[in-house]
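Let me begin by presenting the structure, written as structure tokens, before commenting on it.
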Amino acid sequence: MVRLPRVAGAGAVAVALAVLASAPTAGAAVVAEPPPSTLPAPTPAAPVSLVDPHIVKHFDLAAGQTPENIALEPDGSVDLTFALARQVAHVDKRGHVRTIATLPAVTDPQTPEIGVAVTTGLVRAHDGTLYVGYATGTDAAGVWRITPDGEVSQFTDEDLPADSFINGLALDEPHGVLYAADSDPGKVWRISLDDGSATAWATGPDLERVGFFGANGIKVRKDSVWVSNFDRGTLLRIPIEADGSAGPVETRATDLGGIDDFAFAGNGETVLAALNSTSEVAVVRRDGSHTVLLTAADGLSNPTSVAVDRQKVYVPSAAYNTQNDPNLLLARLEKHRPRP
């Protein structure tokens, strides 16, 4: 989720997020090539590539169908949050869209930084229960639960303050917890799946915002929680200690401007990250370096998240800043063996 302006309604939302880009200066002096011994090491080859990218569904911007996050269904279909419509929707394999739930309207939303109520992160439990983030700046804020039979209820209680901005969600069912990235001011909450009680699990400057949003996307990976920081352009790893507490925050990658949510491309630590501001998807290697794999030329329009289902890679775009063509893109994941 990126920064939206404070407006009374969602129908004509235009994002006030500046995209900073650098370009070579015209007429720059030619610099002599350094001797071979001082040349920088070549950029390592990307461990994966994304081929045959194509849009499988276009959405209605005027109706608030701005896909913010994604959860995979076992049959190959997907569930999405439509942030500005306050909805969770199901998109089947043929591209048909069905509304699963619309979260209750808020009379006077006071959502930090944006001022409108939005649905955000989304995860699916093994029994089909969906957990969705709802940012409102009121008592309705927090995590909501949608059961397989369609019952919608607020899951978290007053432990989560009204001015929290719950963004990405990550489910750790074996340990009975849900992790939530709070973008304002920036922290990670640990939520019990038994009763919805929440505790501040990880805090500190690495997670905090600088101007817009701090902690944004989040995933659980083995014995750690990975978090993106939108403002700082970083990908972070937080070890889960034996007692369940958070270990020291490690910075695993930098220079990922406008990073939103992300996904792992297999069993290792290779990450596919949505770079919202620049309408790109990048692969982030284990060493922290990254390469852009998809751009606006492939159909991206402010991508918000990534989901990987074996060789299928889904990328929702919300068009917050472009105001053009929110969509769902599908590409094929190809892995490359390292050179001997």
Side-chain angles (χ1 to χ4, degrees), residues 44-57 59 67-81 88-98 100 121-132 148 168-174 178-179 217-226 228 235 237 252-253 259-275 280-286 290-295 298-300 303-317 327-339:
V48 300
S49 59
L50 297 178
V51 300
D52 188 28
H54 58 284
I55 295 173
V56 295
K57 184 64 181 177
F59 299 113
E68 170 62 22
N69 214 267
I70 184 170
L72 299 172
E73 291 283 351
D75 65 355
S77 61
V78 302
D79 301 320
L80 297 168
T81 48
V88 177
H90 178 79
V91 183
D92 68 21
K93 291 184 288 186
R94 294 185 177 183
H96 298 147
V97 180
R98 172 178 59 86
I100 297 174
L122 183 67
V123 289
R124 181 188 186 278
H126 75 280
D127 65 355
T129 299
L130 296 173
Y131 296 90
V132 56
L169 298 177
L171 191 60
D172 184 2
E173 283 193 272
L178 181 70
Y179 292 92
I218 188 168
K219 292 291 181 289
V220 175
R221 191 64 164 179
K222 298 179 181 178
D223 57 351
S224 59
V225 174
W226 292 61
S228 62
L235 183 62
R237 177 183 177 272
R252 301 302 296 266
I259 184 173
D260 207 314
D261 213 340
F262 57 93
F264 287 93
N267 295 323
E269 294 186 355
T270 300
V271 167
L272 294 173
L275 305 185
E280 297 173 329
V281 166
V283 56
V284 184
R285 305 172 185 83
R286 184 184 177 91
H290 72 275
T291 299
V292 171
L293 300 182
L294 299 176
T295 69
D298 298 300
L300 298 181
T304 52
S305 49
V306 181
V308 178
D309 182 10
R310 294 179 289 274
Q311 288 184 293
K312 293 181 179 179
V313 176
Y314 297 89
V315 185
S317 284
N327 63 64
L328 178 63
L329 180 145
L330 176 63
R332 188 172 75 252
L333 178 70
E334 289 192 351
K335 298 182 180 180
H336 309 297
R337 294 181 180 179
R339 294 179 179 177

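Keep in mind the model is a prediction, meaning the values are calculated, not measured.
- Looking at every heavy atom in both residues, Asp75 comes nearest to Ser77 through OD1-OG, 2.5 Å.
- Among all heavy-atom pairs drawn from Ala125 and Leu171, the shortest one is CA-CD2, 3.6 Å.
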Test log, rule side chain to side chain contact (heavy atoms under 4.5 Å, CB included), inputs Asn69 and Val132: CA-CA 9 Å; Asn69 214 267; Val132 56; over 6 Å; no
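- From Leu122, atom CG reaches atom CG of Leu169 across 7.5 Å, with rounding to the nearest 0.5 Å.
- Every residue meeting the side-chain contact (heavy atoms from CB on, under 4.5 Å) condition with Glu280, not counting sequence neighbours, appears here in chain and number order: Leu275, Thr278, Val292, Thr295.
- In this structure Glu73 satisfies the side-chain hydrogen bond (donor to acceptor under 3.5 Å, both in side chains) test together with Arg124, sequence neighbours excluded.
- Pro53 pairs by the side-chain contact (heavy atoms from CB on, under 4.5 Å) definition with Leu294, Asp298, Leu329, Ala331, not counting sequence neighbours.
- In this structure, the salt bridge (charged side-chain N to carboxylate O under 4.0 Å, His left out) partners of Lys219, at least two apart in sequence or on a different chain, are Asp261.
- Lys93 pairs by the side-chain contact (heavy atoms from CB on, under 4.5 Å) definition with nothing, not counting sequence neighbours.
- Side chain of Glu334 to main chain of Val51: no donor-acceptor pair is present (N/O by atom type, distance under 3.5 Å, no hydrogens or angles).
- Interatomic distance, CG of Leu300 versus CG of Asn327, reported as 7.5 Å (0.5 Å rounding).
- Arg221 is linked by a side-chain hydrogen bond (donor to acceptor under 3.5 Å, both in side chains) to nothing, counting only residues two or more places apart in sequence or in another chain.
- Between Pro47 and Arg285, the closest heavy-atom pair is CD-CG, 3.8 Å.
- Here the shortest heavy-atom pairing between Leu80 and Pro316 reads CD2-CG, 4.0 Å.
- Taking NZ from Lys312 and CZ from Arg332, the interatomic distance works out to 11.5 Å, rounded to the nearest 0.5 Å.
- Tyr179 pairs by the ring pair (Phe, Tyr, Trp, His ring centres under 6.0 Å) definition with Trp201, not counting sequence neighbours.
- Across Val306 and Ala274, no two heavy atoms sit closer than the pair CG2-N, 3.9 Å.
- A heavy-atom distance below 4.5 Å is not found between the side chains of Val284 and Phe262.
- For the pair Ser228 and Gly217, the tightest heavy-atom approach, listed with the atom from each and the gap, is OG-N, 2.8 Å.
- Using a 4.5 Å heavy-atom threshold, the side chains of Leu328 and Tyr314 count as touching.
- Here Arg237 contributes atom CZ and Glu269 contributes atom CD; the two are 6.5 Å apart, rounded to the nearest 0.5 Å.
- In this view, Arg98 and His90, Ile100 satisfy the side-chain contact (heavy atoms from CB on, under 4.5 Å) rule, not counting sequence neighbours.
- When side chains are defined from C-beta on, Thr270 counts as touching Val283, because their heavy atoms get closer than 4.5 Å.
- By the side-chain hydrogen bond (donor to acceptor under 3.5 Å, both in side chains) test, Asn267 pairs with no residue at all, sequence neighbours left out.
- Ile55 contributes atom CD1, which lies 11.0 Å from atom CG of Leu330 (distance to the nearest 0.5 angstrom).
- Judged by distance alone, with hydrogens and angles left aside, the side-chain atoms of Thr304 form a donor-acceptor pair with the main-chain N or O of Glu68 at under 3.5 Å.
- The CG atom of Leu50 sits 6.0 Å away from atom CG of Leu333, with the distance rounded to the nearest 0.5 Å.
- Sorted by first and then second residue, the side-chain hydrogen bond (donor to acceptor under 3.5 Å, both in side chains) pairs with a member in residues 47-56 read Ser49-His336; sequence neighbours excluded.
- Counting heavy atoms from C-beta outward, Leu293 and Val48 have side chains that approach closer than 4.5 Å.
- Residues passing the side-chain hydrogen bond (donor to acceptor under 3.5 Å, both in side chains) test with Thr129 are Asp127, sequence neighbours excluded.
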